[in-house]
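Everything on this sheet refers to the single structure shown next.
Note on naming: letters A, B, ... go to the chains in the order of the sequence lines (proteins, then strands), and numbering restarts at 1 for each one. Heavy atoms only: backbone and side chains are in, while hydrogens, waters and symmetry mates are out.
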There are 2 protein chains.
Amino acid sequence: MPHEALVHEIRRFNRFYTDLIGLLDETLMQSPYTLAEARVLFELGRKARPAGGRAGFLARMFHLDLAPVASELAGELHLAPAYLLRVLRKFTAKGLAEIRDGPKNGLRVLSLTTRGEAALVDLEAATNRDLARLVVKLEDKEAAELSDALNRATRLLATAGM
Amino acid sequence: MPHEALVHEIRRFNRFYTDLIGLLDETLMQSPYTLAEARVLFELGRKARPAGGRAGFLARMFHLDLAPVASELAGELHLAPAYLLRVLRKFTAKGLAEIRDGPKNGLRVLSLTTRGEAALVDLEAATNRDLARLVVKLEDKEAAELSDALNRATRLLATAGM
DNA sequence: ATCAAATGATTGACCAAGTCAACTAATAAC
DNA sequence: GTTATTAGTTGACTTGGTCAATCATTTGAT
């Protein structure tokens, strides 16, 4: 099969890339958060609205509630519910996040506090700084090529995976 | 700076790719090995010669005659020496690997037993099967494109990183 | 030759990340 | 109204991984 070579290429890339992001993870470890905690923080930032926050106009109109429910987050991050809860407890204890009862009771709606958003901004700044240091050596043309390569890879792997 | 957009693209790719290999890791978790253990097994297979002293078929195939020393392996895999040793102990207990004194005494030379190589073959077969299932949906032309994209990304990230 | 750093390996004690199973609470189904 | 389901929650526990102290071998200085 002609795909066998591709399999080996992917594994080679895997080794390479895993090593690379391993370096970035180290900076993440400098932060007061576990890898899992950092992922939760990121995902909350991507999906949650602030505690006091109003839903956006469209969101209200079409009942698109983007504030994530605990189980939803657990599913997306592949975290055991019990463990996610511990992480969230830690966050609430530090005043970074809030857990409130949702409209459908029994469900819990998650949100970042202002302080949580600040923490997220800090964390993103740190990882961005690291990545920036990594790519700063690239010529503009190379940067464009890398961007293109990553997009292609994503698109192809995604169509393969679904 | 024009690189800022690239940084965000890399992070997006990171999320995507991490998720993807997360799926593959799951199959790895089905195996009796930890992720760390699996990595040690892989690396031993890539570098170690079998106990008898001749290079194993994998080593021969890739022209690697390098019997790894414990500290070397710990460095490459970024594992704490103490932890690597535990993994190796587990392997020797199961008859998968051997630890012998090297020429420079004080150093320890590692090798896979025949049984260890068999275990490695099994493990590689499993992960290859998963990857194959992933890419089988690609047209030949797409497969070539993916291969190209991964190679470009590797090259560019490598030159950036070093 | 001898003693002092230095490097690598090893061990036991320890910590914390993550799991498991049992339980509560709210909703949905019949 | 009773049962079954789904989400959440908690405490007990397992185990992956770390830390600090120790042993062993080597290297370098005097």
Verdict with reasoning, A:Lys137 to B:Thr159, per side-chain contact (heavy atoms from CB on, under 4.5 Å): CA-CA 8 Å; A:Lys137 292 169 196 156; B:Thr159 61; over 6 Å; no
Specify the separation, in whole Å, of atom [atom1] of [X] and atom [atom2] of [N].
{"X": "B:Glu37", "N": "D:dG16", "atom1": "CD", "atom2": "P", "answer": "7 Å"}
{"X": "B:Glu26", "N": "C:dT19", "atom1": "CD", "atom2": "P", "answer": "11 Å"}
{"X": "B:Arg39", "N": "D:dG16", "atom1": "CZ", "atom2": "P", "answer": "15 Å"}
{"X": "B:Leu28", "N": "D:dG16", "atom1": "CG", "atom2": "P", "answer": "14 Å"}
{"X": "A:Leu107", "N": "D:dT5", "atom1": "CG", "atom2": "P", "answer": "18 Å"}
{"X": "A:Lys90", "N": "C:dA17", "atom1": "NZ", "atom2": "P", "answer": "6 Å"}
{"X": "B:Leu35", "N": "D:dG17", "atom1": "CG", "atom2": "C1'", "answer": "13 Å"}
{"X": "B:Leu110", "N": "C:dG8", "atom1": "CG", "atom2": "P", "answer": "14 Å"}

Aromatic ring pairing B:Phe13/B:Tyr17, orientation class (parallel under 30°, perpendicular over 60°, tilted between): parallel
Short N-O contact, A:Glu37 and A:Lys94, less than 4.0 angstrom: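 A salt bridge is absent here (no side-chain N lies under 4.0 Å from a carboxylate O).
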All salt bridge (Lys or Arg N to Asp or Glu O under 4.0 Å) counterparts of B:Arg11, not counting sequence neighbours: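 B:Arg11 satisfies salt bridge (Lys or Arg N to Asp or Glu O under 4.0 Å) with A:Glu124 only.
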Phosphate-side-chain proximity, B:Arg108 and D:dT25, N/O vs OP1/OP2 below 4.0 Å: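 Indeed not, no polar side-chain atom of B:Arg108 lies that close.
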Under 4.0 angstrom between B:Ser71 side-chain N/O and C:dT7 OP1 or OP2: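 False: B:Ser71 side-chain N/O out of range (4.0 Å or more) of C:dT7 OP1/OP2.
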Donor-acceptor side-chain pairing of B:Arg133 and B:Asn128 below 3.5 angstrom: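 Result is no, nothing qualifies.
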Check: A:Phe42 ring centroid to A:Tyr33 ring centroid under 6.0 Å: no
Near-strand residues of residues 73-87 of chain A, defined as heavy-atom separation under 4.0 angstrom from DNA chain D: A:Ala82, A:Leu85, A:Arg86
